[in-house]
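Everything numeric in this text was worked out from a predicted model, so none of it was measured.
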Amino acid sequence: MVDGDGPSTSGPVAPREVKYCVPPEFNDYLPKDSDEHKKLKMAQEAAAEAGIEGLSLESLPTQELPPKQMPGNKGKKKKSSKSEVVLERNTRNKKKCVTTISGLDQFGVKLSEASKLFGKKFASGASIVKNAEGKEQIDVQGDCLDPAVELILKQFKTIKKSNIAMIEGKKKVPYFDDEDDDEDES
């Protein structure tokens, strides 16, 4: 026989001792009484204690961090968002109109109740839909922009004339002029 081609016949071979190791992702599923599980828990507790002892509040920096800016903001301050009700008149199929009312929920108005009110008052369909930004708004079938403003002011006392705006030619403009507010207050 050539050396190294098989088991040697010179004597009995001592058994090899093989240690089996469980991958870390399986350690949570080991039986609670196994040696591997006990070693894992001891190692976790020792690491936790060592990590907690090294922590202190003195090591933290005391400087205040500047507020984060959104990409493209380039140092401009964000405009404070003013709560307002925005009305818009959209035309569909050349002759049909849809009036969109958004921002009522900022004043604590329940949109489901408001859409029922608009539907009954104007004898048309009114539904709650989500716009492109994910905010809910009310769509009322028909051209009822002016009567909707009157109904909003009459029905919801928390909304003032200065809080109502309309979209006219892709621009948001206040519905009431400032002169009208001065006449009503005196």
Side-chain angles (χ1 to χ4, degrees), residues 1-88 90 92 98-119 125-141 152 156 158-159 163-165 167 170-172:
M1 223 187 215
V2 181
D3 288 336
D5 277 355
S8 67
T9 57
S10 64
V13 178
R16 292 185 186 181
E17 189 174 311
V18 178
K19 278 191 164 184
Y20 289 100
C21 184
V22 179
E25 59 266 10
F26 294 119
N27 285 339
D28 292 337
Y29 303 107
L30 288 173
K32 304 293 183 209
D33 58 342
S34 71
D35 292 334
E36 287 285 329
H37 189 273
K38 291 176 184 174
K39 289 178 187 176
L40 172 72
K41 289 299 176 188
M42 287 175 33
Q44 286 177 346
E45 290 172 3
E49 289 175 8
I52 292 174
E53 291 172 1
L55 294 178
S56 68
L57 292 175
E58 289 81 30
S59 64
L60 294 176
T62 56
Q63 65 181 358
E64 237 180 84
L65 299 174
K68 283 190 173 181
Q69 290 183 349
M70 298 300 287
N73 197 0
K74 297 185 181 179
K76 297 176 187 172
K77 291 187 178 181
K78 186 178 179 183
K79 293 179 182 177
S80 60
S81 60
K82 181 178 131 184
S83 299
E84 61 184 358
V85 178
V86 180
L87 292 102
E88 181 179 11
N90 297 321
R92 62 178 185 90
V98 176
T99 303
T100 303
I101 305 166
S102 60
L104 285 175
D105 52 346
Q106 296 174 352
F107 293 95
V109 176
K110 292 184 180 178
L111 294 181
S112 59
E113 294 175 3
S115 68
K116 287 180 186 178
L117 178 71
F118 290 129
S127 61
I128 301 171
V129 296
K130 287 191 176 184
N131 62 6
E133 298 168 355
K135 296 180 181 177
E136 292 185 336
Q137 61 188 18
I138 299 174
D139 279 354
V140 182
Q141 293 178 5
I152 289 170
F156 308 113
T158 58
I159 302 172
N163 295 335
I164 297 178
I167 296 179
K170 296 186 180 182
K171 282 190 174 182
K172 189 186 331 183

The side chain to side chain contact (heavy atoms under 4.5 Å, CB included) partners of P31 (sequence neighbours excluded) come to D33, S34
Correct closest heavy-atom pair for T158 and F107 would be OG1-O, 3.7 Å
Is any side-chain heavy atom of T99 closer than 4.5 Å to a side-chain heavy atom of I138?
no
Straight-line distance of L87 CG to I164 CD1, nearest 0.5 Å
7.0 Å
Output all residues satisfying side chain to side chain contact (heavy atoms under 4.5 Å, CB included) with K135, sequence neighbours left out; order by chain, then residue number.
N131, E133
Identify, with sequence neighbours excluded, every residue that meets side chain to side chain contact (heavy atoms under 4.5 Å, CB included) alongside L117.
L151, Q155, F156
When rounded to the nearest 0.5 Å, the distance separating CD1 of I128 from CD1 of I101 is 11.5 Å
Are the side chains of S83 and N163 in contact, using a 4.5 Å heavy-atom criterion?
no
Which atom pairs, donor and acceptor, lie under 3.5 Å between side-chain atoms of residues 37-45 and protein residues at least two apart or in another chain?
none

Over all atoms of both residues, closest heavy-atom pair of S115 and A126
O-CB, 3.2 Å
Calculate, to the nearest 0.5 Å, the distance between atoms CZ and CG belonging to F118 and L111 respectively.
9.5 Å
With D139 via side chain to side chain contact (heavy atoms under 4.5 Å, CB included) - residues at least two apart:
V98, T100, S127, V129, Q137
Taking the side chain as every heavy atom from C-beta outward, state whether E88 and N90 have any atom pair closer than 4.5 Å.
yes
Validation row: I152, V85 side chains within 4.5 angstrom (heavy atoms)
yes
By salt bridge (Lys or Arg N to Asp or Glu O under 4.0 Å) - contacts of K172 (at least two apart):
E84
